[in-house]
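Only one structure is covered here, and it is reproduced in the block below.
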Amino acid sequence: MSSAIPFREIEVPVYKKYKAVCFLASNVKNCQEIKENLIKANKDYDYGFINAKNVVSLEQLYSGFYKTVMSQHDGNMKSRTLHTELIYSLSPFKNIMDCLNKFGISKDSNSILIVKIVESETLNNDFIKTQQEHLKSIIDGEFLDITDDSLQEITDIKALEKNYKLKIRSTKLENNWPSISRNLVSITQLKGL
């Protein structure tokens with residue numbers, strides 16, 4: 001059995017400057033340590049750490065990445081880094097601190113999406129292997145394939161309803177993951193318009 005952790009590459013063909021490599025970890029036991037290193041701006045933690053309970057699909061992840069690279073390309077970023085901009089792009093909130101508090105990693109997180117955004121020519125097999133080894137050394141958790149099913153198993157419907165102001169339970173959206181995903185993407189894509 002391979003010791004490499006599962007990953008997914010994402011890109012937006014119309015904005016070719018950047019690509020991302022993404023990882024999903026569950027049962028993470030050291031979120032407090034990760035958060036402390038992020039606050040200290042430790043370069044070993046230069047990733048977007050996203051609370052996975054707020055992400056229901058690959059469509060939502062791709063949409064956030066698209067909005068991030070479009071904002072960078074157009075010079076409209078609301079944050080200082082691409083990783084923070086991704087968290088902002090996935091969130092319905094306009095305040096960066098609200099986005100980081102609800103959609104970024106917290107000491108109470110136990111499942112996280114880890115995203116590394118780099119210039120496209122940087123993303124190759126050696127780079128991915130280095131990232132896999134590094135993440136195994138800083139994250140105490142179980143790495144999963146990033147699929148719609150694995151994301152939906154982690155999703156917290158109550159948190160979605162609260163954060164997005166969207167009624168899901170006891171409506172036609174309940175257990176209708178494609179419709180939930182489209183609603184969340186629409187909410188975030190229209191933010192600020």
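For this chain, numbers begin at 1 and follow the sequence in order.
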- Message: Give me each pair satisfying ring-ring contact (aromatic ring centres under 6.0 Å, His included) with a member in residues 52-78, each pair once, sequence neighbours excluded.
- Response: Y15-Y66, Y15-H73
- Item | Pair listing, ring-ring contact (aromatic ring centres under 6.0 Å, His included) test, anchored in residues 79-102, at least two apart | none
- Would you please name every residue forming a ring-ring contact (aromatic ring centres under 6.0 Å, His included) with F103, sequence neighbours left out? Y164
- For F49, check ring-ring contact (aromatic ring centres under 6.0 Å, His included) against everything at least two apart and list the hits. Y47
Any residue meeting side-chain contact (heavy atoms from CB on, under 4.5 Å) with [X], in chain and number order, not counting sequence neighbours:
{"X": "D74", "answer": "M70, N76"}
{"X": "Q132", "answer": "A4, I5, F7, F23, I128, K129"}
{"X": "S89", "answer": "K67, T68, E85"}

- Message: Suppose we screen for side chain to side chain donor-acceptor pair (under 3.5 Å). Which residues come up paired with S26, at least two apart in sequence or across chains?
- Response: none
- Residues in side chain to side chain donor-acceptor pair (under 3.5 Å) contact with E33, at least two apart in sequence or another chain: none
Any side-chain donor paired with an acceptor under 3.5 Å for [X] and [Y]?
{"X": "N163", "Y": "N54", "answer": "yes"}
{"X": "N42", "Y": "N37", "answer": "yes"}
{"X": "Q152", "Y": "S57", "answer": "no"}

- With no hydrogens and no angle check, is any side-chain donor or acceptor of S120 less than 3.5 Å from a backbone partner on K16? yes
Test salt bridge (charged side-chain N to carboxylate O under 4.0 Å, His left out) applied to [X] - qualifying residues, sequence neighbours left out:
{"X": "E153", "result": "none"}
{"X": "D46", "result": "K116"}
{"X": "R169", "result": "E161"}

- Assess whether side chain to side chain contact (heavy atoms under 4.5 Å, CB included) is satisfied between I10 and L58, documenting all intermediate values. CA-CA 10 Å; I10 59 175; L58 293 168; over 6 Å; no
- Message: Would you say that more than 12 heavy atoms from the other residues, nucleotides or ligands in this model lie under 6.0 Å from the CG of N125, or not?
- Response: no
